[in-house]
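Read the structure below first, then the notes.
Because the structure is a prediction, the values reported are computed rather than measured. In the text below, chain A, chain B and the rest are named by the order of the sequence lines, each starting its count at 1.
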Number of protein chains: 2
Amino acid sequence: MTPHQSSRRSPCPISLWLDLLGDKWSLLIIRDLIFAHKKTYGEFLSSAENISTNILADRLKKLETEGFITKSVDPENKSKNIYCLSAKGLDLLPMLLEMISWTSKYIKGAGTPKEFLKRLETDREDLIKQLKESL
Amino acid sequence: MTPHQSSRRSPCPISLWLDLLGDKWSLLIIRDLIFAHKKTYGEFLSSAENISTNILADRLKKLETEGFITKSVDPENKSKNIYCLSAKGLDLLPMLLEMISWTSKYIKGAGTPKEFLKRLETDREDLIKQLKESL
DNA sequence: CTGTATCCTTAGGGATACTG
DNA sequence: CAGTATCCCTAAGGATACAG
C-alpha cells in the first residue's frame with residue numbers, strides 16, 4: 001500500500017495529483033526550492049506566506065516520504081539540514097510554469113511570467129539548465 | 001476588492017493560483033467540464049469522487065463568480081441548468097495536461113496520458129479544437 | 001537557528017433531510 | 001432531477017512554548 005493510496009479518491013490522474021499535492025502549502029515549498037533556491041528550514045519559514053513551524057516540518061516530512069525532496073546534513077553546519085529537489089519534484093516545473101502563465105493572464109496584479117522570473121534574477125532556460133545540472 | 005483578495009496570502013502567482021483553485025474539488029469540476037464534457041449538476045454529482053450536494057453547489061457558485069464557468073438554463077428542460085467553461089476556465093487545459101503527464105510518469109496505476117485520453121474516446125487535438133469552437 | 005510538541009480554532013467538507 | 005439547508009465532525013492549520 002503506497003502512502004497516498006489511503007486517501008485516494010479515484011484513479012483519475014488529476015484526482016491523484018490533488019490527493020498528493022492538493023494542500024495549501026506543499027506546492028509553495030516546491031516553488032521555493034525551484035524558483036527561489038531555498039534549501040533550509042529557516043529559508044522556507046521566511047517566505048511571504050508565513051507558514052507556521054509545525055506545518056512546515058510536517059510538509060517537509062511528507063515531501064521527503066513521497067520522494068519529492070531529499071534531506072541531508074549541511075557539511076558546514078552539522079545542526080542544519082539541506083533539502084534538495086529530486087527529479088520527481090523538479091518535473092513539476094512545466095506544470096508550475098503553466099500555472100504562472102495562466103495566473104499572469106487572468107489575475108490582476110500577478111505580473112507577467114517574465115517579470116516573475118526577472119524578479120528571481122534569472123531566466124527560464126537558465127533556470128531549467130541550472131536545476132537539471134544540480135541533480 | 002476582488003473576491004479572492006480576501007484570502008490572498010501573497011502576490012506570488014503560484015500562491016494566488018492556490019488561493020483561487022487550491023481546494024479539493026474545484027479542479028475536478030473543471031476536469032469534468034473539459035475532459036468528460038459534463039455540464040449539468042447531476043453529471044458532476046455522478047463522478048467517481050462522490051462530491052456531496054452542498055459542496056458541489058458551493059463550488060459551482062464560486063466558479064461562476066470567479067468567471068471560470070457560465071450558467072444558463074437548458075432550453076429543452078427549464079428546470080435544468082447548463083454549465084459551460086469560459087476562456088478563463090478552458091485556459092487551464094495546458095496546466096491540466098502537464099499535471100496528467102506528471103502523474104502518469106510518477107504515480108503507479110495512473111496510466112499514460114494517451115490512455116487517459118483514449119478512455120475519453122477522443123484525442124488531444126480533437127479535444128482542444130472542439131472546446132475552442134464551443135466558446 | 002532547527003526543529004518538535006501541544007493546544008486550540010476554524011473552515012472544509014460529509015451525510016442527509018428537504019423543497020420546487 | 002436540480003438544487004438548498006442543516007447538522008455535525010474531522011482534519012488542516014495557526015499560535016506558541018519548548019528542546020537540542
**Message:** Taking 4.0 Å as the cut-off, does a side-chain nitrogen or oxygen of A/Tyr83 come that near to OP1 or OP2 on C/dT2?
**Reply:** no

**Prompt:** Roughly, in whole Å, what's the span from CG in A/Asp19 to P in C/dG13?
**Reply:** 12 Å

**Message:** I want to check one thing: is the phosphate of D/dG13, taken as OP1 and OP2, less than 4.0 Å away from some side-chain N or O of A/Arg59?
**Reply:** yes

**Request:** Evaluate the side-chain proximity of A/Ile14 to B/Thr103: yes if any heavy-atom separation is below 4.5 Å, no if none is.
**Result:** no

**Non-hydrogen atoms of A/Pro113 and A/Ser104 that approach each other most closely** = CD-OG, 3.1 Å

**Message:** Quick check on DNA chain C: between A/Glu43 and A/Lys24, whose nearest nucleotide comes earlier from the 5' end?
**Reply:** A/Glu43

**Asked** Does any N or O in the side chain of B/Tyr41 come within less than 3.5 Å of the main-chain N or O of B/Ala57, such that one atom is a donor and the other an acceptor?
**Response** no

**Prompt:** Has B/Lys80 got a side-chain N or O lying under 4.0 Å from the OP1 or OP2 atom of D/dA2?
**Reply:** yes

**Asked** Above 12 or not: heavy atoms from other molecules or residues under 6.0 Å from NZ of A/Lys39?
**Response** no

**Prompt:** Quick one: B/Asp74 CG to D/dG3 C1', roughly how many Å, whole number?
**Reply:** 15 Å

**Complete:** When rounded to whole Å, the NZ to C1' distance for the pair A/Lys61 and C/dG3 reads 9 Å

**Asked** Taking NZ from A/Lys39 and P from C/dG3, how many angstroms apart are they, rounded to a whole number?
**Response** 15 Å

**Request:** Check the distance between C/dG12's P and B/Leu18's CG and give it to me in whole angstrom.
**Result:** 14 Å

**Complete:** Whichever of A/Ser79 and A/Trp25 has the more 5' nearest nucleotide on DNA chain D, that residue is A/Trp25

**Item:** B/Ile55 CD1 to D/dA11 C1', straight-line distance once rounded to whole Å
**Value:** 14 Å

Produce the list of close N/O pairs, under 3.5 Å, pairing protein atoms with atoms of nucleotides 16-18 of chain D; give distances to one decimal.
| from | atom 1 | to | atom 2 | distance (Å) |
| --- | --- | --- | --- | --- |
| D/dT16 | O4 | A/Thr53 | OG1 | 2.7 |

**Asked** Got a salt bridge between A/Glu133 and A/Lys129, using NZ or NE/NH1/NH2 to carboxylate O under 4.0 Å?
**Response** yes

**Nucleotide C/dC1, atom C1' - distance to CD of A/Glu76 in whole Å** = 16 Å

**Asked** Which atoms form the tightest heavy-atom contact between B/Asp32 and B/Ser47, and what is the distance?
**Response** OD2-OG, 2.6 Å

**Fill in**
B/Ile82 atom CD1 is separated from D/dC1 atom P, nearest whole Å, by 15 Å

**Asked** Looking only at side chains, do A/Lys62 and A/Ser26 share a donor and an acceptor under 3.5 Å apart?
**Response** no

